[in-house]
Amino acid sequence: MAKIQAIRGMNDILPEQTPVWQYLEDTVRRVLQSYSYNEIRMPILEQTELFKRSIGEVTDIVEKEMYTFEDRNGDSLTLRPEGTACCVRAAEQHGLLFNQTQKLWYCGPMFRHERPQKGRYRQFNQIGVECFGIPGPDIDAELIIMTARLWKELGLLANVSLQINSLGTTAARAVYRDALVEYLRANIDALDEDSKRRLESNPLRVLDSKSQSTQDILDGAPDFSDYLDDESKAHFATLLETLDQSGISYEVNSRLVRGLDYYGKTVFEWVTNDLGAQGTVCAGGRYDGLVEQLGGKATPGVGFAMGVERLILMLESLDKIPAEVNNNPDVFIVSVGEGTQIEAFKVAEILRNQFLSINVQTHCGGSNKNRLKKIDKSNVPITLIIGENELKNKSVIIKTLQDKSEGSQNKQQVEVPVADLLNKIEAYL
RNA sequence: GUGGGCGUAGCUCAGUCGGUAGAGCUCAGGAUUGUGAUUCCUGCGGUCGAGGGUUCGAUCCCCUUCGUCCACCCCA
């Protein structure tokens, strides 16, 4: 019989991995909290219409990447491909946006039916941050400053760089799009096949073509910055000034466009060269029209999302995971002989009563030799041994397994009364 | 959706120019008398990804399929 495996592109995160995830999530949570952002949790299923109306009907996500199905009522539901639309829907539904500012974040799985590759999976996790109700560039800057702090906390700052652009208002973008299309049509023979196709479906996306010949053509193309409306120009200038004053370096990239239709004015991406073909670890921008587009009162919004798997890959490949991030016990209790198992449980509880944060492991089954070998290999700092003599003496042996020298077997251990264990063990913790 | 690499033990991999397989690690037990370096011995563990074809015989050759990795498209 065929074995049942996980769905393609949907990965189990195994016990060996979870400490890294917890470390990343804890760090992010701490940073977001320090900027006064509050967590919101949304369902992973939404009405299909939500994504069609927000992301854009002709985007790849909506056209061919969504997990969409009918439920038993015949309603069309979709596993969320991204979080912003869900967050807007939730905030709007519960009246969080009515004349109010909201600073929100969320974390969880997103789903896109693409071919998996390094840093890209069909179920992947994003940490998203959204701010509603603030129209000015100050909040755009705060979000970027916050992400920069996060990279610093994670030790990744030297390995990421910030790309930033302004897409202007919808009207300005339309004028630019026409100018770009006119230019590209005149040079259509030099474009690669993908770009020719995009020219019809989504001309702005030709700008970030990976084809060198297309990029050469684009060198002579109209520049986005020349088409920005005054308001967007001023907004962008203030944002850049704030970043300058805050010591955040960036590269203005007038060819940076985003794949989702709702972005306008500010867009940005944090990119890296350490992830293979997937360069983007964090991306976002402003979406002032989205709330209204989804039926709410006009409310400005800006946000970004980070790819958790990509950040984990970076942490691993750059060896940025702190040594204390692991599952290793701090104390391992080995019991040897008749009746000692019960005593081991009692001693473990005594330790946990006093030091709840330490990791105490007791064994069940197996031989002492292999247990000690395993403890030795995993660098558990403290081993407690309870044998029949100790049981009789109401004592335990405190042993450190770090000394590998000849004849050290019984030297690195000390027998202490159980009543005195809490005092004595503190010297080892 | 397209292209390429790879599927042999729980893991990392050898191997058979076609005669149904091996190592290291892991795991269990022992040499070791309540106690860990390094050794040494023994044992558990594989329908060689699946299906079909050629053949006396296929893990090996051919076809199909599935899985996986990487890249394209696109994106976090």
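Within every chain, numbering begins at 1; the chains are lettered A, B, ... in the order of the sequence lines, protein sequences first and strands thereafter.
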J.: Can you measure A:L275 atom CG to B:C75 atom P for me and round it to whole angstrom units?
T.: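 Interatomic distance, CG of A:L275 to P of B:C75: 17 Å.
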J.: So does A:Q117 get a side-chain nitrogen or oxygen closer than 4.0 Å to the phosphate oxygens (OP1/OP2) of B:C69?
T.: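 No.
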J.: If I pick the P atom on B:G36 and the same atom on B:G30, what distance separates them, to the nearest angstrom?
T.: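 Rounded to whole Å, the distance is 13 Å.
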J.: Provide, to the nearest angstrom, the distance between the CG atom belonging to A:N11 and the C1' atom belonging to B:G67.
T.: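 After rounding, the reported distance stands at 13 Å.
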J.: Using purine N1 to pyrimidine N3 plus N6-O4 or O6-N4 for Watson-Crick, or N1-O2 and O6-N3 for G-U wobble, both under 3.5 Å, which nucleotide pairs with B:U32?
T.: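 Its partner: none found.
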J.: Report yes or no: do A:Q117 and A:Q278 form a side-chain donor-acceptor pair below 3.5 Å?
T.: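 Yes, side-chain donor-acceptor contact under 3.5 Å.
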J.: Say we look at B:A58 and B:U16: how far apart would their C1' atoms be, to the nearest angstrom?
T.: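 The same atom, C1', in both gives a distance of 11 Å.
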J.: When you measure from the side chain of A:K118, which nucleotide among B:C69, B:A76, B:C70 comes out closest?
T.: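 Looking only at heavy atoms from C-beta outward on A:K118, the closest nucleotide is B:C70.
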J.: If you assign A:M306 and A:A6 each to the RNA chain B nucleotide with the nearest heavy atom, which residue ends up on the more 5' nucleotide?
T.: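 Mapping each residue to its closest nucleotide by heavy atoms, the 5'-most match is A:A6.
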J.: In the strands shown, is B:A37 matched to any nucleotide by a Watson-Crick or G-U wobble pair with both distances under 3.5 Å, and which?
T.: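 Partner of B:A37: none.
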J.: So does A:R258 pair up with A:E269, basic N to acidic O under 4.0 Å?
T.: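 Salt bridge present between A:R258 and A:E269.
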J.: What is the distance from CZ of A:R197 to C1' of B:C72, rounded to the nearest Å?
T.: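 Spelled out: CZ on A:R197 to C1' on B:C72 is 11 Å.
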J.: Does the A:D223 side chain pair with the main chain of A:S225, one donor and one acceptor, at a distance under 3.5 Å?
T.: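 Yes, the answer is positive, given that a donor and an acceptor are paired below the 3.5 Å cut-off.
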J.: Reckon A:L260 touches a base, only the sugar-phosphate, or nothing at all at heavy-atom distances under 4.0 Å?
T.: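 Result for A:L260 = sugar-phosphate.
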J.: If we ignore hydrogens and angles and just use 3.5 Å, is the side chain of A:N187 paired with the main-chain N or O of A:A190 as donor and acceptor?
T.: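 No, the answer is negative, given that no donor and acceptor are paired below the 3.5 Å cut-off.
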J.: Could you tell me how far B:C72 sits from B:G15 if I compare only their C1' atoms? Round to whole Å.
T.: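 Approximately 36 Å lies between the C1' atom of B:G15 and that of B:C72.
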J.: Over how many whole Å does the gap from A:L14 atom CG to B:G10 atom P extend?
T.: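 These atoms are roughly 16 Å apart.
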J.: Please classify the nucleic acid contact of A:Q5 as base, sugar-phosphate, or nothing, using heavy-atom distances under 4.0 Å.
T.: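 Answer is sugar-phosphate: A:Q5 comes under 4.0 Å of backbone atoms only.
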J.: Have a look at A:Y121 and say if it touches a base, only the backbone sugar-phosphate, or nothing, with a 4.0 Å heavy-atom cut-off.
T.: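 Contact class for A:Y121: base.
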J.: Using the C1' atom as the point on both nucleotides, what is the distance between B:C60 and B:G19, in whole Å?
T.: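 One C1' to the other, the span is 12 Å.
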J.: Atom CE of A:M314 to atom P of B:A76: distance rounded to whole Å?
T.: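 Going from CE in A:M314 over to P in B:A76 covers 17 Å.
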J.: In whole angstrom, give the distance that lies between atom CG of A:N125 and atom P of B:A76.
T.: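 Taking CG of A:N125 and P of B:A76, I get 15 Å after rounding.
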J.: Starting the side chain at C-beta, find the nucleotide from B:A71, B:A76, B:U35 nearest to A:A277.
T.: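 Within the option list, the nearest is B:A71.
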J.: Mind checking if A:G128 touches a base, just sugar-phosphate, or nothing, with heavy atoms under 4.0 Å?
T.: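 Nothing, no heavy atom under 4.0 Å.
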J.: Across all strands, who's sitting opposite B:U68 as a Watson-Crick or G-U wobble pair, both distances under 3.5 Å?
T.: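 In the structure as shown, B:U68 has B:G5 as its Watson-Crick or wobble partner.
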J.: From the list B:G34, B:U35, B:A76, which nucleotide is the closest neighbour of the side chain of A:E114?
T.: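 Nearest nucleotide to the side chain: B:A76.
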J.: Please report the distance separating the P of B:G52 from the corresponding atom of B:U59, rounded so that it comes out in whole Å.
T.: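 The same atom, P, in both gives a distance of 12 Å.
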J.: Give one of base, sugar-phosphate or nothing for A:R115, where a contact means two heavy atoms less than 4.0 Å apart.
T.: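 The residue A:R115 makes base contact.
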J.: Report the residue (A:R8 or A:D208) whose heavy-atom-nearest nucleotide on RNA chain B is the more 5′ of the two.
T.: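 Result: A:R8.
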J.: For the residue pair A:Y176 and A:F224, categorise the inter-ring angle as parallel (less than 30°), tilted (30 to 60°) or perpendicular (more than 60°).
T.: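 Geometry flag for A:F224 against A:Y176: parallel rings.
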J.: Are the side chain of A:T272 and the backbone N or O of A:D274 linked by a donor-acceptor pair below 3.5 Å?
T.: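 Side chain of A:T272 to backbone of A:D274: a pair is present.
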J.: Go ahead and name the base partner of B:U59; Watson-Crick or wobble counts if both distances stay under 3.5 Å, otherwise write none.
T.: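 No nucleotide pairs with B:U59.
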J.: In whole Å, what is the span from the CD1 atom of A:I385 to the C1' atom of B:G36?
T.: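 Distance check: A:I385 CD1 to B:G36 C1' gives 8 Å.
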J.: Counting any heavy atom closer than 4.0 Å, what does A:E65 reach on the DNA or RNA strands: base, sugar-phosphate only, or nothing?
T.: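 Result for A:E65 = sugar-phosphate.
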J.: Evaluate the criterion side-chain contact (heavy atoms from CB on, under 4.5 Å) for residue pair A:D208 and A:L256; output intermediate values, then yes/no.
T.: CA-CA 7 Å; A:D208 61 8; A:L256 178 65; 5.9 Å; no
J.: Using the C1' atoms only, state how far B:U39 lies from B:G7, rounded to an integer number of Å.
T.: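 Taking atom C1' in both B:G7 and B:U39, they lie 36 Å apart.
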J.: If I pick the C1' atom on B:G22 and the same atom on B:C48, what distance separates them, to the nearest angstrom?
T.: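 Their C1' atoms lie roughly 12 Å apart.
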J.: Tell me: CZ of A:R122 to C1' of B:G1, nearest whole Å?
T.: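 These atoms are roughly 10 Å apart.
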J.: Between B:U68 and B:A76, how far apart are the two P atoms, rounded to whole Å?
T.: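 My reading of the P atoms in B:U68 and B:A76 gives 23 Å.
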J.: NA contact type, A:N389, heavy-atom cut-off 4.0 Å: base, sugar-phosphate, or nothing?
T.: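 A:N389: base contact, heavy atoms under 4.0 Å.
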